[in-house]
Amino acid sequence: MPLALISVIGGFLLWEAALAVFEVSEFALVPPSKIVGEFVVVIRDGLIWEHLRVSVLAFVLGFGVSAVLAIPLGLFAGTSRPFGEIASPWIAGLYATPMIALAPLLIISLGFGIEAKMAVVAFACFFPMVINTISGVKAVESSLLDVSTAFGATRAETFRKILLPGSVPFIMAGLQLAVGRGVVGLVVADLFGSRAGLGLFLLNSAQAFNIARVFVAALTLSMLGVLFTALLRFMESRMLRWRP
């Protein structure tokens, strides 16, 4: 963690120095010091709190719904070959469909409230979760399955004691990958219509040519992703303490 913090601070200092040396126009890029000042303004004046609240709520709900649906579906598709073959073309086809093409349909169907934003996030997060879960089940060593069969374990016992624990690292990796797609989903949903949200805050700042505030919105979204990823890594470390 100290090295990560040093890396971030060093990057911002290098950014500040490069802009000062090359005299880059602030209409193209602003120094970190000005971004920090703008952060203080939007926090002090309460300009960002409602947008942040709506985005965090939509992300948590969408991510949670997606996990509840994707992980069991992935486990079933990984353990059942017929169901896996049936689901495979649908998963591959929908995953290859650009999210920006489906987001307007969801927003038209659900309106401009938090439900549409949540649905876009859930759709964006679903496929990394389900694909990694399927891969995790299939990656379990066949020798372990042979041992369970030799000792007369039932299918339920094999699943509970071998397949599920063996696929946990893949499931957690899928959850972490889904965080990034979910943050992108938040912005996409806001671009097609929203009453509040960090994507809308970013869009309004860009239309007002407030470049520092654009960076405030972008960095807030980035920090949201980093926070959720760190939380998932902490959960993973607690869940996988049994691993050597």
Side-chain angles (χ1 to χ4, degrees), residues 54-110 113-140 159 163-194 197-199 218 221-236 239-240:
V54 170
S55 290
V56 170
L57 182 61
F59 183 87
V60 171
L61 292 176
F63 191 90
V65 168
S66 189
V68 168
L69 295 175
I71 294 174
L73 181 65
L75 292 171
F76 187 41
T79 54
S80 172
R81 179 174 294 179
F83 181 74
E85 292 179 356
I86 292 170
S88 178
W90 292 97
I91 293 172
L94 289 171
Y95 183 54
T97 303
M99 180 171 48
I100 200 168
L102 293 178
L105 299 177
L106 293 172
I107 292 169
I108 290 171
S109 301
L110 299 174
I114 197 170
E115 295 83 2
K117 203 187 306 285
M118 185 185 76
V120 174
V121 171
F123 178 82
C125 294
F126 180 84
F127 297 101
M129 294 182 187
V130 72
I131 291 170
N132 271 52
T133 303
I134 294 172
S135 299
V137 174
K138 293 183 176 180
V140 174
F159 175 79
L163 291 175
L164 184 57
S167 60
V168 165
F170 287 80
I171 293 173
M172 297 306 297
L175 293 174
Q176 291 178 44
L177 289 172
V179 169
R181 288 183 60 87
V183 171
V184 173
L186 277 176
V187 178
V188 170
D190 285 339
L191 293 180
F192 283 99
S194 177
L198 290 172
L221 287 163
S222 178
M223 287 188 289
L224 181 64
V226 170
L227 177 63
F228 277 99
T229 300
L231 178 61
L232 288 170
R233 286 179 177 171
F234 173 76
M235 292 172 57
E236 182 181 17
M239 294 171 66
L240 299 179

_Which residue in the set V168, I171, L175 passes side chain to side chain contact (heavy atoms under 4.5 Å, CB included) when paired with T133?_
I171

*With side chains defined as the heavy atoms from C-beta onward, is the minimum distance between F59 and V179 less than 4.5 Å?*
yes

_F228 versus V60, closest heavy-atom pair with distance_ = CZ-CG2, 3.5 Å

*Specify the closest pair of heavy atoms between S66 and C125, including all atoms of both residues, with the distance to one decimal.*
OG-C, 3.4 Å

_Gap between atom CG of L61 and atom NZ of K117 - 0.5 Å precision_ = 12.0 Å

*Just do the side-chain contact (heavy atoms from CB on, under 4.5 Å) check on F126 and L73 with the steps written out, would you?*
CA-CA 10 Å; F126 180 84; L73 181 65; 3.5 Å; yes

*Indicate the atoms forming the closest heavy-atom contact of I131 with I91, along with that distance.*
CG1-CG2, 3.8 Å

*Can you tell me if T79 uses its side chain to pair, donor with acceptor, with the backbone of F76 under 3.5 Å?*
yes

*Which pair of non-hydrogen atoms, one from G136 and one from S167, has the smallest distance, and what is that distance?*
C-CB, 3.5 Å

*Spacing of I107 atom CD1 and L102 atom CG [to the nearest 0.5 Å]*: 11.0 Å

*Quick one: CE on M172 to CG on L232, what's the gap to the nearest 0.5 Å?*
5.0 Å

*Under a 4.5 Å cut-off applied to non-hydrogen side-chain atoms, are L164 and L75 in contact?*
yes

_Least distance between heavy atoms, A124 atom then R181 atom_ = O-NE, 2.9 Å

_Over all atoms of both residues, closest heavy-atom pair of M129 and A178_ = CE-CB, 3.8 Å

*Evaluate the ring planes of F127 and F123, with Trp represented by its six-membered ring, and classify them as parallel (under 30°), tilted (30 to 60°) or perpendicular (over 60°).*
perpendicular

*Would you check if the side chain of S88 reaches a backbone N or O of G84 as a donor-acceptor pair within less than 3.5 Å?*
no

_Straight-line distance of L231 CG to R233 CZ, nearest 0.5 Å_ = 12.0 Å

